[in-house]
Protein chains: 2
Amino acid sequence: MSQRAAQSQRALMGVRDLIVSGEIRAGSRLSELALVERLGISRTPLRAALAQLGQEGLVEAIPSGGYAVRSFSREEVIDAIELRGTLEGLALRLGAERGVPPARMSELQRLLDGLDEALRGDVEDMDFDRYVDLNASFHEKLWGLASQTIRREIERVTSLPFASPSAFLDKQAGVVEFRRSLYGAQTQHRAMVEAIALREGGRAEALAREHARLARQNLEFVLDQDRSLIRRVPALSLVVG
Amino acid sequence: MSQRAAQSQRALMGVRDLIVSGEIRAGSRLSELALVERLGISRTPLRAALAQLGQEGLVEAIPSGGYAVRSFSREEVIDAIELRGTLEGLALRLGAERGVPPARMSELQRLLDGLDEALRGDVEDMDFDRYVDLNASFHEKLWGLASQTIRREIERVTSLPFASPSAFLDKQAGVVEFRRSLYGAQTQHRAMVEAIALREGGRAEALAREHARLARQNLEFVLDQDRSLIRRVPALSLVVG
DNA sequence: TTCTTGATTTTTGTATACAATTGGTATTCA
DNA sequence: TGAATACCAATTGTATACAAAAATCAAGAA
C-alpha cells in the first residue's frame, strides 16, 4: 500500500488505455483472466477498475456476467458533446453571476495569451502541440469556476474520450481541417472570459454551448467527409455508424 | 449467483440506506468490518458498494484509506439542484427540438391529469401520497425524452437524495409549506409539456430550470425558517450549515 | 501535565481459493 | 444431416487469507 489503491489505479489506467487505443475492439467481451495476465495484477483491483469504467460508460455490464467494451453511435457522441457544452455553459454562467476572484481571472488571461501565441502564424506553422496543452488547461480552469460540485460533474461527462475538449486535437493526427477551426475557437475563448468579467452570465453560457458545437462539427466532418480519420483519432475508436 | 451480483446490490442498498436514514452520521468513517457484520455479507461486495457510493458522491475516499460519509453544505445542495434543473432543461429542450413520439406525449398527458386529480381540494385534503408517486413518474418520463445518454446523466445527478425531484416530498414529513408549492409546480408541469408539444425548446428549457428552483426555495425555507425540519426530511440528513 | 516515541492492534488493499453459473463441444438420437 | 442433450471447461461473483500501513494506546522524557 505505498499509494492509495495503487494496483486499482494501475488497472484502471491500463484497461482504459487498452480500450481507447483500440487494442480491444468495441463490443467485445472483456476476459478478466486475460486482462489480469496482460496487466500483471490480480483480479480484485481489476474488477474494481471494470466497475469504475462501467460508471464512466466506457464498458457495460453483460446481464449474464462480466463486461463488454461499449460502442457508441453518432447520436450518442453528439449527446455527450451536447452534455459537455451544457455543463460548461452552466459553470460559466454561475461563474459570471457569482463572480470569479481576480487571481483566477488573470490565470485565464494568461492562458488566453498563451493560446494566441501558439496560433501565431498560419495553419501550417502554428505551435499545435502547445495549443493542445493550453487548451486543455484552459477548459479545466473553466470547469472549476462555479464550484467543486459542478467541476466534478463535468469531469465525469468528459471522461468519455470523445466528449473531452481535446478529443479532436490529437497530437499525432493533426488534421488540417481541425487546425483551421482553432482560430474561431480562440475567438470564442476570449469572448467567454470577457463575458465572465462583465458578469454577463447569459452570454457566457451561450458561448460555451456554441463552443462545444465545434467539436460536433469536427465529428461530423470525420463521419461524413473523411471516414478514414476515424482510425487516426483515438477518441473515436469506439464510434460506429 | 442467482441474480447478477446479488450481494453487491444488497450491500449497495444496505449502505445507502444506512447513510440516508441518518443511522451513520455525516462525516463519520465507514468501518468495513462493522458494515460487513451488520449487512451479513463479505467484504468483497461491500467494497464494490462503497466504490459505487463514492462515484455517486454519498461517500468520499479518505486519503489514508477507507471511506467516510460525506456531508454537504448549503451551497453544495444548491448546486446539485441547479445541476438537475440544467440537465432536465437540456432533456426538455432536445425533446422539443427533436420531437417526441405521440405515444410518449399521451403518457405525459395522462400523468398530468393524474397530478391534477391528486391536487383536487385544498392543501389539507389533497391526495399527497398519490401526488408524490405521480410526480416521481412524471419527472422520470421527462428524463428519457431526449436520449438514454442524457437520462443516464440525470439519474446519476439525482442519485444524491436532496437532488431528487422528490427530495422535499417525503410522505412522512408532509410539511404544509411544501404542499402549498405543489399548485405552482403543477402549473409548470403543464407548461413544460405544452412547450414540448409546440416544439418550443427554449421555453421548455427555461421552465425546467425554473421548476427546479422550487426545490431550492423549499431548501432555503428549511434552512432559514424552520431548521427543525432538517431532521424530518430524510433527504437532508447529510446537510450541515 | 504535555509532547514524543515505540509497540500493539485495527483496518485497509490485494491476492487467491472456491463454488455456481454460463458457454461451448461432442455425442447421440431422430 | 440436423437438432437436442449431456458433459466439460471457462468464467464470473463471493468469501477469505494475508501483508502492509494506519490508528490507537501506553510509557517515558521534557
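By convention in this document, chain letters (A, B, ...) are assigned in the order of the sequence lines, proteins followed by strands, and residues within each chain are numbered from 1.
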Expressed in angstrom and rounded to an integer, what is the separation of A:R47 atom CZ from C:dT14 atom P? 15 Å
CD1 on A:I150 to CG on A:L145, rounded to 0.5 Å: 10.5 Å
Tell me yes or no: between the side chains of B:R156 and B:Q55, is some donor less than 3.5 Å from an acceptor? no
Any ion pair linking B:D79 and A:R151 (charged N to carboxylate O, less than 4.0 Å)? no
Kindly indicate whether the side chain of A:T44 and the base of C:dT16 share any N or O donor-acceptor pair separated by less than 3.5 Å? yes
On DNA chain D, nearest-nucleotide positions of B:S42 versus B:R29: which is more 5'? B:S42
Tell me what B:S64 touches on the nucleic acid: a base, only sugar-phosphate, or nothing, going by heavy atoms under 4.0 Å. sugar-phosphate
Protein-nucleotide distance (A:E32, atom CD; D:dT14, atom C1'), rounded to Å: 12 Å
Please state how far atom CG in B:L46 lies from atom P in C:dG13, giving the value in whole angstrom units. 11 Å
Answer with base, sugar-phosphate or nothing: what part of the nucleic acid does B:L30 contact at a heavy-atom distance below 4.0 Å? sugar-phosphate
Nearest-Å distance, CG (A:L50) to P (D:dT12)? 9 Å
Contact summary for B:L236 and B:F162, nearest pair of heavy atoms: CD2-CB, 4.2 Å
Gap between atoms CD and P, on A:Q7 and C:dT16 respectively (whole Å): 11 Å
Does OP1 or OP2 of D:dG13 have a side-chain N or O of B:S8 closer than 4.0 Å? no
What integer distance in Å separates A:R43:CZ from C:dT14:P? 15 Å
Mind calculating the distance between CZ (A:R10) and C1' (C:dG13) to the nearest angstrom? 14 Å
Length of the line joining A:I62:CD1 and D:dT11:P, which is rounded to integer Å: 12 Å
Work out which heavy atom in B:I81 is nearest to a heavy atom in B:A212; give both atom names and the distance. CG2-O, 3.3 Å
From the set C:dG13, D:dT11, D:dA15, return the single nucleotide nearest to any side-chain atom of A:A5. C:dG13
